[in-house]
Structure formats: structure tokens, C-alpha cells
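Written out below as C-alpha cells is the structure these notes cover.
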Amino acid sequence: MTRSAIQRVFLCAALCLGLLFDTASLLRMTLLCAAFHEAAHIAAYCLCTKRLPKITLHMGGIALNRTAYLNANQEKIVLLCGPLANFLLAAVLAWRVNQTASYTLWFLLCVSFCTGCYNLLPFGALDGARLLKSITPARYFNLLCTIQMGLLRIFCTAAFGLCFFAPLPLQMRMALFLAAGYLLTESLLCAGVL
């Protein structure tokens with residue numbers, strides 16, 4: 001079995017286990033916001049290239065494998081559309097929450113906003129890191145990678161520390177653990193360690 005096949009099996013198993021114990025529907029909301037995020041990337045890509053991208057499933061979720069060339073501006077537009085879609089969804093939900101008080105809509109608003117912010121972090125394969133790399137001159141690329149790895153270590157250490165030692169609700173601990181774990185796993189996969 002190939003590494004990518006093992007990753008897909010592990011991802012599906014983790015999703016099944018997560019959905020089984022998702023009593024507060026936070027994972028379902030996260031998956032909905034992630035799907036909205038990725039749909040915005042796909043729509044922007046299709047508008048820029050007039051083609052559908054190839055979509056692959058891997059350990060980190062969904063990835064767009066481009067079938068057409070994007071220039072620098074198109075790349076930035078495609079990268080920004082995902083987080084912007086999450087912020088737009090959060091704004092629409094905020095308007096709707098003001099009309100009808102609903103905890104479900106409020107939590108979905110928060111999850112959508114956090115999904116947009118999380119994807120703008122300058123680490124790993126997230127949109128923020130790829131956007132930062134696209135605007136950084138080539139001569140500073142090695143320095144940028146060094147700074148990103150240092151910041152990733154600080155972020156993961158702080159997140160795991162809060163997860164295990166701060167007096168936080170279980171759902172917040174799990175969110176911190178999964179966010180930091182995803183970034184750490186992606187960086188180890190990119191480095192060829194896993």
C-alpha cells in the first residue's frame with residue numbers, strides 16, 4: 001500500500017471516529033466550513049483558468065492539483081478566496097444571528113471565522129504560508145523557511161502547552177490539539193520524515 005493510500009485510510013478513519021463522538025456538532029461545522037473554503041478555491045481556480053483542477057485526498061484533507069498554469073496574481077487570488085469565503089460566511093451568519101438568536105448559527109459563525117484565520121497562518125501548506133512565499137523575493141526564501149519553522153515550533157509548543165495544562169473546556173483542548181497536530185504532521189510530511 002502506498003503512503004498516500006495509507007494517509008487516505010487514516011484520514012477516513014479519523015473522520016469516522018470524530019463524527020461518532022461529535023456530540024456538539026463542532027466537527028460537522030468544521031467540515032462544512034472547510035468544504036465552503038475549498039469550494040471557493042475551486043471556483044476561483046475555474047474562473048482564472050476555465051478548467052477544473054484535479055482534486056486529491058491526503059492526510060491534510062483536500063488538495064488542488066493544478067492542471068493549468070496560474071500567473072502570480074491569479075495564484076494570490078486563488079489563495080485568498082478560501083479565507084475570504086470563510087469571512088464572508090461569518091459575516092452573513094452574524095447578520096442572521098442578529099435576526100434570530102441561535103447558538104448553532106453563532107457556533108457556525110465562530111468556526112467559519114476561525115477557519116479563515118487558521119488558513120492565513122504562515123505555516124506549512126496553509127494558504128497564508130503559500131501566499132507569503134508567493135510575495136517573498138527568491139533570495140529571501142531560505143530565510144523565510146527558517147523563520148517559518150521557528151514560528152511553527154513556538155506555535156505548536158504553545159498550543160500543546162495550552163491543550164494539556166490550561167483550564168480549558170474539552171472541545172477547546174481538542175481544537176488546539178488538532179490544529180497544532182495538523183500543522184506538525186504536514187511539516188513532517190513535507191520534510192519526508194513521515
Side-chain angles (χ1 to χ4, degrees), residues 3-19 22 25-94 96 104-105 107-135 148 152 155 174-190:
R3 178 184 289 181
S4 62
I6 292 170
Q7 290 174 0
R8 284 193 293 269
V9 168
F10 181 72
L11 176 65
C12 289
L15 283 174
C16 289
L17 187 62
L19 288 170
D22 188 26
S25 295
L26 290 176
L27 181 57
R28 289 173 181 86
M29 290 180 193
T30 303
L31 291 173
L32 177 67
C33 292
F36 195 72
H37 177 96
E38 295 302 332
H41 282 312
I42 292 168
Y45 181 87
C46 290
L47 288 173
C48 287
T49 64
K50 310 293 189 266
R51 293 184 186 181
L52 280 171
K54 289 182 181 177
I55 299 171
T56 58
L57 187 66
H58 64 92
M59 181 69 170
I62 296 170
L64 304 181
N65 293 332
R66 298 182 184 115
T67 56
Y69 173 76
L70 293 173
N71 65 36
N73 289 333
Q74 289 173 329
E75 178 80 15
K76 291 171 192 163
I77 289 168
V78 170
L79 288 172
L80 284 173
C81 277
L84 288 177
N86 288 121
F87 296 140
L88 179 63
L89 178 61
V92 169
L93 290 169
R96 186 67 183 138
T104 302
L105 290 180
F107 283 121
L108 186 58
L109 179 158
C110 293
V111 170
S112 183
F113 183 77
C114 289
T115 300
C117 290
Y118 180 75
N119 275 281
L120 287 175
L121 289 174
F123 307 129
L126 296 176
D127 298 330
R130 294 173 57 204
L131 187 63
L132 193 58
K133 286 176 185 173
S134 74
I135 61 174
Q148 283 179 317
L152 178 62
F155 176 82
M174 289 304 296
L176 280 169
F177 182 80
L178 291 173
Y182 169 77
L183 290 173
L184 196 58
T185 302
E186 279 293 312
S187 66
L188 292 174
L189 285 170
C190 290

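- Rounding to the nearest 0.5 Å gives a distance of 9.5 Å between OH of Y45 and CD of Q74.
- The distance from atom CD of E38 to atom CG of N119, rounded to the nearest 0.5 Å, is 7.5 Å.
- Within the 4.5 Å cutoff, side-chain heavy atoms of L126 are placed close to those of L183.
- Distance check, rounded to the nearest 0.5 Å: OG of S112 to CG of L105 gives 11.5 Å.
- The OG1 atom of T30 lies 13.0 Å from the NE2 atom of H37; values are rounded to the nearest 0.5 Å.
- The two residues A40 and A85 come nearest to each other via the heavy atoms CB-CB, 3.4 Å.
- Pairing each heavy atom of H41 with each of V78, the nearest pair is ND1-O, 2.6 Å.
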For this session: Might you work through the side chain to side chain contact (heavy atoms under 4.5 Å, CB included) test for V111 and T115, ending with a clear yes or no?
Result: CA-CA 6 Å; V111 170; T115 300; 4.0 Å; yes
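- The structure places CZ of F155 at 7.5 Å from CG of L176, a figure rounded to the nearest 0.5 Å.
- Residues L88 and F36 are not in side-chain contact: their nearest non-hydrogen atoms beyond the backbone lie 4.5 Å or more apart.
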For this session: Could you go through the side chain to side chain contact (heavy atoms under 4.5 Å, CB included) check for L79 and K76 one step at a time?
Result: CA-CA 5 Å; L79 288 172; K76 291 171 192 163; 5.7 Å; no
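- Scanning both residues, L89 and C33, for their nearest heavy atoms gives CD2-SG, 4.4 Å.
- The shortest distance between side-chain heavy atoms of C46 and P53 falls below 4.5 Å.
- Contact between Q148 and P122 at its shortest, heavy atoms only, is NE2-O, 3.0 Å.
- Considering CG of L47 and SG of C81, their distance stands at 8.0 Å, rounded to 0.5 Å.
- When all heavy atoms are compared, the tightest approach of M29 to L108 is SD-N, 3.7 Å.
- Among all heavy-atom pairs drawn from L120 and F87, the shortest one is CD1-CE1, 3.9 Å.
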Problem set entry | From CA spacing to verdict: side chain to side chain contact (heavy atoms under 4.5 Å, CB included), L93, F113 | CA-CA 10 Å; L93 290 169; F113 183 77; over 6 Å; no
